[in-house]
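Labels below follow one simple rule: chain letters A, B, ... track the order of the sequence lines, proteins then strands, and each chain is numbered from 1.
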2 protein chains.
Amino acid sequence: MKYTILGTGAVGGYYGAKLQQGGLAVDFLARSDYETIKSDGLRVDSCQGDFILDSVNVYSSVQDMPETDVILVSLKTTANGGLYDLLKPLVKEGTAIFVLQNGLGMEEEIAALFPRARILGGMCFICSQKREPGHIVHLDKGSISAAPLKEEDRPLLKEIQADFTQAGVEMTLLDDLKTARWYKLLWNIPFNGLSVVLNANTKEMMESEEGYNLGKILMEEVVAGAAACGCTFEPGTVDNMLEFTRVMEPYEPSMKLDFDSRRKMELEYMYRKPLAAAKEAGVELKAIAMLADQLTFMENRKK
Amino acid sequence: MKYTILGTGAVGGYYGAKLQQGGLAVDFLARSDYETIKSDGLRVDSCQGDFILDSVNVYSSVQDMPETDVILVSLKTTANGGLYDLLKPLVKEGTAIFVLQNGLGMEEEIAALFPRARILGGMCFICSQKREPGHIVHLDKGSISAAPLKEEDRPLLKEIQADFTQAGVEMTLLDDLKTARWYKLLWNIPFNGLSVVLNANTKEMMESEEGYNLGKILMEEVVAGAAACGCTFEPGTVDNMLEFTRVMEPYEPSMKLDFDSRRKMELEYMYRKPLAAAKEAGVELKAIAMLADQLTFMENRKK
């Protein structure tokens with residue numbers, strides 16, 4: 001199968017490079033970084049071994065891109081307003097759209113725009129950054145948990161899983177996409193937002209009694225929201241995730257990096273959509289709503 | 001009656017100077033500012049007319065201070081841990097202790113320390129600052145709402161009211177001290193804390209949909225906490241106070257000035273005591289608890 005990477009950043013740049021390195025055909029969309037990648041290739045400094053792709057099929061516009069089998073959506077969700085125009089020239093009968101974004105509801109929105117596309121969702125557990133144009137730094141982890149939006153597309157996802165495995169990327173298939181999306185939010189909602197409001201990394205938060213308490217309260221609200229939407233987790237999940245966060249290396253979540261670099265934060269899909277989904281299911285998530293309002297205020301103020 | 005001012009800052013410096021200017025006998029406690037006030041007097045630049053007190057009975061230690069009838073407690077509540085030692089040499093049978101601080105529960109604590117003192121509480125509606133040692137700037141307002149802790153001390157409070165009136169300070173007597181304290185918290189809890197977390201003044205908060213919403217949610221929780229403690233307000237109080245805040249001149253609450261100057265914030269009496277009182281009355285104030293945890297985190301982090 002042929003792969004097209006929509007967004008050659010920390011996530012798309014890494015997985016696309018791994019796929020090409022693993023022998024698969026890959027096209028990359030890059031906009032601001034197009035010239036650099038065209039002339040210098042794509043460099044990946046990885047904790048699992050550095051490599052450079054000298055020859056990269058890179059494009060600056062989707063209009064020029066050839067046909068494809070699988071589109072990896074690895075843009076920030078803040079760009080999703082323009083996703084229809086980006087996908088339109090690429091999506092044919094049966095094209096797979098594999099959404100590697102954070103948040104809730106992206107797959108359903110894309111399904112509404114392209115009813116005959118085959119839509120898959122992936123949760124990336126990776127610490128990576130784009131250090132400069134065409135230069136990705138992969139610091140830790142790298143696995144993907146994935147599930148199809150519709151069960152009928154599970155065989156397709158298994159084919160993709162085989163390609164990723166061949167390329168050295170671990171992929172776990174999950175039963176239910178919505179539950180998996182909420183599970184990722186369990187971490188993202190507390191620690192992305194708090195890291196911005198408190199101007200702190202995970203270690204600083206978890207070493208403070210109040211920071212720990214805030215994380216726990218928010219996480220428990222995510223559990224309540226998920227449950228209202230029919231998604232439940234194992235007993236002890238909150239405590240396990242707090243403990244996992246407490247012992248992990250100090251980490252600045254992506255939202256903090258975005259805020260500090262004056263990029264738009266992923267508030268819509270990481271906060272507003274889950275809040276709306278919970279509300280529609282009859283549950284008000286007050287602490288999360290408060291955090292979302294604080295973040296929106298801070299974003300607007302920074303402009 | 002003779003007055004003793006415990007804390008010659010923005011509040012105590014202003015009201016003490018007004019009382020002396022009005023012909024009353026006043027002693028001032030000043031610690032870091034003692035030398036300046038001793039040699040240069042006390043300067044008040046006031047929107048109602050500037051004046052300087054050339055001769056001030058100022059002391060650097062309560063041990064040296066003469067007997068008094070009324071002690072004005074105008075220290076920040078962050079100093080209340082040392083209040084017993086400050087009051088002990090001054091409090092005799094029947095001494096009046098008039099608490100001009102923000103928060104909840106100060107009067108009850110002082111009553112527990114000095115059971116035979118006559119304790120009064122005052123809510124100051126004033127915009128004033130200490131610009132430098134011995135130099136107070138009074139920007140706006142200036143009235144005090146007051147009530148006795150015990151009803152039997154209302155005649156004493158009326159005598160004090162007459163002295164303040166003579167000195168040109170408007171004082172309104174209220175029926176119930178606890179309700180008055182919660183009423184002041186209605187404004188202090190949302191806008192002090194949010195101004196720190198959002199790094200914004202009142203105008204910036206109230207012009208933002210999210211800032212307004214945060215203020216309203218927090219204020220409604222204060223109403224719920226007050227109600228649980230038996231204190232109720234007129235219908236429409238929240239909307240009126242939001243509107244009052246929306247139209248007032250841009251204002252940085254005292255907690256923001258404290259935080260920005262790396263002084264300790266008044267978290268204990270403005271947040272922890274009201275939270276504890278509401279909890280004891282059976283109500284969890286979740287948004288306020290979250291704000292309090294954020295503020296505590298920010299304070300500890302700044303150290």
Side-chain angles (χ1 to χ4, degrees), chain A residues 189-222 224-225 242 250 252 256 259-260 265 267-268 271-272 275 279 283-303, chain B residues 189-222 224-225 242 250 252 256 259-260 265 267-268 271-272 275 279 283-303:
Chain A
I189 284 180
F191 294 108
N192 274 282
L194 287 177
S195 71
V196 173
V197 172
L198 303 178
N199 188 28
N201 67 30
T202 51
K203 184 178 163 74
E204 292 159 339
M205 288 187 266
M206 296 306 280
E207 282 183 347
S208 144
E209 183 187 331
E210 290 78 19
Y212 188 95
N213 194 39
L214 287 164
K216 189 176 164 93
I217 283 168
L218 289 161
M219 216 179 265
E220 285 169 349
E221 274 204 1
V222 182
L242 286 167
E252 299 214 318
K256 175 152 174 47
F259 181 74
D260 290 346
M265 294 188 280
L267 300 179
E268 183 64 20
Y271 289 91
R272 298 296 173 190
L275 281 168
K279 191 170 187 175
V283 176
E284 296 268 359
L285 307 177
K286 290 187 181 176
I288 298 173
M290 183 163 153
L291 182 60
D293 275 350
Q294 290 178 330
L295 293 165
T296 304
F297 183 92
M298 290 173 79
E299 173 152 284
N300 291 337
R301 183 167 160 70
K302 202 144 193 176
K303 274 178 194 160
Chain B
I189 284 179
F191 294 107
N192 274 282
L194 287 177
S195 72
V196 172
V197 172
L198 303 177
N199 187 28
N201 67 30
T202 51
K203 184 179 163 71
E204 291 159 338
M205 288 188 263
M206 296 307 280
E207 282 183 347
S208 143
E209 185 186 329
E210 291 78 18
Y212 188 96
N213 195 38
L214 287 164
K216 190 177 163 88
I217 283 167
L218 289 161
M219 217 180 264
E220 284 169 349
E221 275 204 1
V222 182
L242 286 167
E252 299 212 319
K256 175 153 174 44
F259 181 74
D260 290 346
M265 293 188 282
L267 300 179
E268 182 65 20
Y271 290 92
R272 299 297 173 191
L275 282 167
K279 191 169 188 175
V283 176
E284 295 268 0
L285 306 178
K286 291 188 180 172
I288 297 173
M290 182 164 155
L291 182 59
D293 276 350
Q294 291 178 330
L295 292 165
T296 303
F297 182 92
M298 291 173 79
E299 174 152 284
N300 290 339
R301 183 168 160 71
K302 202 144 194 175
K303 274 176 196 161

As an exercise: rank E204(A), E210(A), M205(A), K286(A) by heavy-atom pairs under 4.5 Å with chain B and give me the winner. E210(A)

Cut-off 4.5 Å, heavy atoms of chain A, and the answer for A289(B) is neither

Under a 4.5 Å heavy-atom cut-off, does chain B meet the side chain of A200(A), its backbone, both or neither? both

Quick check: does any side chain N or O of Y271(A) sit under 3.5 Å from a backbone N or O of T296(A), one acting as donor and the other as acceptor? no

Just do the side-chain contact (heavy atoms from CB on, under 4.5 Å) check on R301(B) and L198(A) with the steps written out, would you? CA-CA 9 Å; R301(B) 183 168 160 71; L198(A) 303 178; 5.8 Å; no

Between E221(A) and I288(A), is there a donor-acceptor pair closer than 3.5 Å when you use the side chain of the first and the backbone of the second? yes

Side chain, backbone, both or neither: which part of L291(A) has a non-hydrogen atom closer than 4.5 Å to chain B? both

Distance-only, no hydrogens or angles: does the E299(B) side chain make a donor-acceptor pair with backbone N or O of M265(B) under 3.5 Å? yes

For residues G215(A) and P190(A), report the shortest heavy-atom separation together with the two atoms involved. O-CB, 3.9 Å

Under a 4.5 Å heavy-atom cut-off, does chain A meet the side chain of M298(B), its backbone, both or neither? side chain

Below 4.5 Å from any heavy atom of chain B, which atoms of E209(A) appear? Answer side chain, backbone, both or neither. neither

Interface check, chain B: of L218(A), N199(A), N300(A), most non-hydrogen pairs under 4.5 Å belong to N199(A)

In this structure, are over 12 heavy atoms from other groups packed under 6.0 Å from K279(B) atom NZ? no

